[in-house]
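So that the names make sense, note that chain A is the first sequence line, chain B the second, and so on, each numbered from 1. Because only heavy atoms are used, hydrogens play no part in the values below, and waters and symmetry mates are left out as well, while side chains stay in.
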There are 2 protein chains.
Amino acid sequence: MSALPPLTSIRAFEAVARHLSFTRAAEELGMTQAAVSYQIRILEERVGAPLFLRRPRQIALSETGARLAPDVTKAFDTLRETFADSRGLVDGMLSISSVPTFASHWLAANIGLFQLANPEIAVRVEASPHLVDFGTEEFDVAIRATSRLQDGLVWHLLLKAEFAPMLSPRLVEQYQVREPADLLRVPQITPDDPWLYAWLELAGVSVPPTPDRPFSRLGAQNLEAAAAIAGRGLAMVTPAFYADDVASGRLVRPFDITGWDGHGYYLTYPEARRNSPKIKAFRDWIVPATEGLRSSQGRSE
Amino acid sequence: MSALPPLTSIRAFEAVARHLSFTRAAEELGMTQAAVSYQIRILEERVGAPLFLRRPRQIALSETGARLAPDVTKAFDTLRETFADSRGLVDGMLSISSVPTFASHWLAANIGLFQLANPEIAVRVEASPHLVDFGTEEFDVAIRATSRLQDGLVWHLLLKAEFAPMLSPRLVEQYQVREPADLLRVPQITPDDPWLYAWLELAGVSVPPTPDRPFSRLGAQNLEAAAAIAGRGLAMVTPAFYADDVASGRLVRPFDITGWDGHGYYLTYPEARRNSPKIKAFRDWIVPATEGLRSSQGRSE
DNA sequence: AGCATGCATAAGGAGATTTGATCCATGTCT
DNA sequence: AGACATGGATCAAATCTCCTTATGCATGCT
């Protein structure tokens, strides 16, 4: 592998060869004529022969220079084109990894607005409970449900992972749900759901001591909610995601009381990429767009 | 003209992409792994996306990296090939500009030995009295007759531009040339030749005051000598160049006295190119090869 | 478990690169 | 012709990139 001459000097040569002028090359490269002169001298010493013939008011390529120039320009054209394209590739595709709950209950319905506002950005959403590692996987941003904000990443709270009991209208009727304590009579979709006990306590209902096992349904409320709609029991879910179902009557939220255990749905991405245009565009769209979710603490109407 | 990312970082990327290893790329580039890591980081920030996926014991190209790598490698291959070839082009052809006298009387006869010793170097000799300007014309070295050693160039004395009277055997006979003063009776090829008067003075002959006009036959003794051989008169020439003619009897050098006015035949080339292999080779050949010309001060036998 | 491999990071410094001022030669304009 | 404009070369000084050393961290192998 033969060592190349200093690349800076090659770039200078390429520009000078195209312009046949040190001064104009310097302008293009954003440096002074003196610097170009220096770089050409470096390269001439490395190559071992003059690259230009210094004529009074102009320069000409020497035999050696003429031999080198076309190929060098070709190489630089390739590089310029390649990196120009990369900008399109990089800026033109936004890759989002989202927890399934958020993906299906909010993103799917709203992402169209982002695409409308940013038609030049293609969007790829991957819904997975898996916590992406930006170093290992190729995602630009992620939407995660968590309470621990990892260092090195930027975090924007989109929505608190609040929870409230919900069930089908039929069950409300069947079990005569009038006050929080009544819920204990309703079959639970997830038995011994810690969220339920936490919520009951908040509602002033004394509950049997719970196993207090680690637990999180964050990002996987879909099945829970689907079962509740089907009338199979009581589900603890995040109200904001089911405003539609409540509005349409498929689901009933019998009490305005809302529990919260500190978890939240966050938009996150590597600090280093904070200024990437597409990430900026997405952040500047989704944070205001979820504003409503954050402020409506009580029942969504 | 879109500005390219730092070329150093592109080169690092190219090497890493080929090796799929920071460490091995660093070895190839002759730097440390830390430096490569730094360069890749730079480029990733510029491109706006990771170029490699950091997996436990190895790295993989990201989508972006994979898109860039082939073209970047192509560009660098072009550059490597181009500059590798240039070495051949540059080192393989030695361009000599020589004053005609030296070219025809010494170089023509001896350059074959140089080519024998350096078969990989093609030689082009241009005989011209014109003093080349290395900045404007494409010559590697020049052989000039001068007394003023210009700055910025390296000068090697090959031969002092001495002079002595010579004439054909017939004229020696005809004019009864026995001692220096006798030469005044012989027709001069160049009338009032300053070299003749200088030489006569040196030989102890008082001469009429000379016009003392600027004069130099340096590098154009050919015609002078040819006329002398043809018997048309007395010529002042550099003995070293006509040893053959004297030996063969075509020309007679009647006196051992040698004049010198400070001029010399020099090999010269730009200081900056002092280390060019072919120039080095030529210098290392011609300086010893002309050793004999310099040391034999008197008549050549 | 302990070691080897491979990349990331921080601080510091050496060196390359750039600049700014100036010089020089030549062509052009009045 | 003389003054000016153009284009490159040169030098010293300031700058800033780039590299190295040292170290940390995660992972896979023995």
Side-chain angles (χ1 to χ4, degrees), chain A residues 3-13 15-46 50-62 65 131 133-137 150-153 270-273, chain B residues 3-13 15-17 19-46 50-62 65 133-137 150-153 270-273:
Chain A
L4 283 173
L7 292 169
T8 331
S9 68
I10 300 183
R11 173 175 45 195
F13 167 70
V16 174
R18 263 186 296 112
H19 291 295
L20 284 182
S21 157
F22 284 36
T23 308
R24 266 170 290 161
E27 278 165 21
E28 174 184 314
L29 298 172
M31 53 197 207
T32 59
Q33 171 266 320
V36 172
S37 178
Y38 169 82
Q39 293 296 343
I40 297 298
R41 161 181 294 274
I42 294 291
L43 188 57
E44 288 181 329
E45 275 167 16
R46 259 305 274 277
L51 297 169
F52 298 98
L53 304 178
R54 277 72 168 177
R55 303 269 174 66
R57 304 257 298 186
Q58 63 176 3
I59 55 174
L61 281 161
S62 74
L131 266 59
D133 170 357
F134 290 108
T136 309
E137 289 152 286
Q150 185 182 330
D151 274 358
L153 302 179
E271 269 174 8
R273 303 195 56 201
Chain B
L4 283 173
L7 292 169
T8 332
S9 68
I10 300 183
R11 173 174 46 196
F13 168 70
V16 174
H19 291 295
L20 284 182
S21 157
F22 284 35
T23 308
R24 267 170 289 160
E27 279 165 19
E28 173 184 315
L29 297 172
M31 53 197 207
T32 60
Q33 170 268 319
V36 173
S37 177
Y38 168 81
Q39 292 297 341
I40 297 299
R41 160 181 294 273
I42 295 289
L43 187 58
E44 288 181 329
E45 274 168 16
R46 260 305 275 277
L51 297 168
F52 298 98
L53 304 179
R54 277 71 166 179
R55 303 268 173 65
R57 306 257 297 186
Q58 65 175 6
I59 56 174
L61 281 162
S62 74
D133 170 357
F134 290 108
T136 308
E137 290 152 285
Q150 184 182 330
D151 274 358
L153 302 178
E271 269 174 9
R273 303 197 54 202

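Using a 4.5 Å heavy-atom threshold, the side chains of A:I42 and A:P6 count as touching. Side-chain contact between B:L43 and B:L51 is present, with at least one heavy-atom pair separated by less than 4.5 Å. Within the 4.5 Å cutoff, the side chain of A:Q33 has no heavy atoms near those of the A:V36 side chain. Contact of the B:E137 side chain with the A:L53 side chain is not registered, since no non-hydrogen atoms from C-beta on lie closer than 4.5 Å.
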Practice task
Quick one: do B:E45 and A:R273 satisfy salt bridge (Lys or Arg N to Asp or Glu O under 4.0 Å)? Show the steps, please.
Solution key: CA-CA 8 Å; B:E45 274 168 16; A:R273 303 195 56 201; over 6 Å; no

Exercise for the section: Would you check, one step at a time, whether the test side-chain contact (heavy atoms from CB on, under 4.5 Å) holds for B:F13 with B:L61? Expected result: CA-CA 10 Å; B:F13 168 70; B:L61 281 162; 4.2 Å; yes

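Per the geometry, CD1 belonging to B:I40 stands 14 Å off C1' belonging to C:dG6, to the nearest Å. A straight line from CD of B:E27 to P of C:dC7 spans 11 Å, rounded to a whole angstrom.
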Practice task
Sugar-phosphate atoms are those with a prime plus P, OP1 and OP2; base atoms are the rest. Using that split, label each nucleotide of nucleotides 11-26 of chain C B, S or - for protein heavy atoms under 4.0 Å, 5' to 3'.
Solution key: ------BBBB-----B

List the atom pairs, with distances to 0.1 Å, where a side-chain N or O of residues 20-27 of chain B and a protein N or O form a donor-acceptor pair under 3.5 Å, not counting sequence neighbours.
| from | atom 1 | to | atom 2 | distance (Å) |
| --- | --- | --- | --- | --- |
| B:S21 | OG | B:T23 | N | 3.3 |
| B:S21 | OG | B:R24 | N | 3.0 |

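Separating the CZ atom in B:F52 from the OG1 atom in A:T136 is a distance of 14.5 Å, to the nearest 0.5 Å.
Nucleic acid contact class of A:T23 (heavy atoms, under 4.0 Å, all strands): sugar-phosphate only.
The span of DNA chain D lying next to chain B, judged by atoms under 4.0 Å from heavy atoms, is bounded 5' to 3' by D:dC18 to D:dG28.
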